[in-house]
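Just follow the structure's listing: the first ligand is 1, and inside any ligand the first atom is 1.
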Amino acid sequence: MERGLLIVISGASGTGKGTVCKKILADLPKISYSISATTRKPRQGEVDGREYYFLSVDEFKQWIADEKFLEYAEVYGNFYGTPLNKIEEQLNRGEDVLLEIDVQGALNVKKKCPDGVYIFLLPPSLEELRRRIEGRGSETPESLNRRLKNAVAEIQIGREYDYAVVNDTIENAAAQIKSILAAERCKVARNTDKFNF
Ligand code: 5GP
């Protein structure tokens, strides 16, 4: 049984990670999305247990104490974390697991899981990024500026990843990610058993 790929995708706020990840999840067989826990309030249309597990700060701290997270980080004043349960099980079953997490969390996972696939999604330009965040309509001017400033800093951390994908269109970005995953599956290190002739 081939082990699944641990796929970590990050990108600055408004890069369109969510949409690209949805397309990857829809297009690929045997892949599952790791639902994170967060202390941020649900946005309109978000459902507990689907987009996130929405926890209180006390509940989140209890999960930390119980060592339930692969990683967690504070992002824009809220806590976000990747629950450990299920991930190992899914990978061993040969399923890919997709984590859409911030740069701090991703670098922590990279230390623990160096055989993961680390993909950084870039916006085509800063102007386009601003337009996309504004278009979402869920930001106050203050939080928009905070997110943009953070975006520039986050993008620099993207240099630590394995792959850079520009999200000009969802189709292009998703196609590139699928090519990356296809190449990763062919790496010699992942196929040593096939050399036993
Ligand atoms: P949002 O509040 O817009 O859904 O997410 C804000 C940021 O938190 C995004 O960069 C997203 O990738 C990140 N994030 C979501 N889940 C996790 C997680 O489990 N761990 C970490 N470290 N970051 C996360």
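Atom numbering of ligand 1 starts at 1 in the shown order; those under 4.0 Å from a heavy atom of Asp102 are 10 (O), 12 (O), 13 (C), 14 (N), 21 (C), 22 (N), 23 (N), 24 (C). Atoms of ligand 1 lying under 4.0 Å from any heavy atom of Ser36, numbered from 1 in the order shown and given with element: 16 (N), 17 (C), 18 (C), 19 (O). Atoms of ligand 1 lying under 4.0 Å from at least one heavy atom of Gly105, given by number and element, are 22 (N).
For Arg147 and Tyr76, the positive end sits near the middle of the six-membered ring, less than 6.0 Å away and at most 45° from its axis.
For the pair Arg147 and ligand 1, a heavy-atom separation below 4.0 Å is found. Residue contacts with ligand 1: Ser13 is excluded, as none of its non-hydrogen atoms falls under 4.0 Å. Within the 4.0 Å heavy-atom shell around ligand 1 one does not find Gln104. At least one heavy atom of Arg43 sits less than 4.0 Å from an atom of ligand 1.
Salt-bridge check for Glu89 with Arg93: passed, with a basic side-chain N closer than 4.0 Å to an acidic carboxylate O. Ionic pairing of Glu128 and Arg132 is present here: one or more N-O contacts between side-chain nitrogen and carboxylate oxygen are shorter than 4.0 angstrom. The pair Glu51-Arg40 does not count as a salt bridge, with every side-chain nitrogen at least 4.0 angstrom from each carboxylate oxygen.
Of the listed options Tyr72, Tyr53, Phe79, Tyr52, Tyr52 places a heavy atom closest to atom 1 (P) of ligand 1.
Contacts with ligand 1 closer than 4.0 Å are made by no heavy atom of Glu46, backbone or side chain. Contact annotation for Glu100 and ligand 1: heavy atoms of both the backbone and the side chain come within less than 4.0 Å of the ligand.
Counting only heavy atoms of the protein, atom 9 (C) of ligand 1 lies nearest to Lys17 NZ, 3.4 Å. Of all protein heavy atoms, the one lying nearest to atom 14 (N) of ligand 1 is Tyr80 CD2, 3.7 Å.
Hydrophobic clustering keeps Leu122 apart from Ile9 (ILVMFWY residues linked when any side-chain heavy atoms are closer than 4.5 Å, directly or through intermediates).
Note that the OH atom of Tyr53 and the CD1 atom of Ile35 stand 4.0 Å from one another [nearest 0.5 Å].
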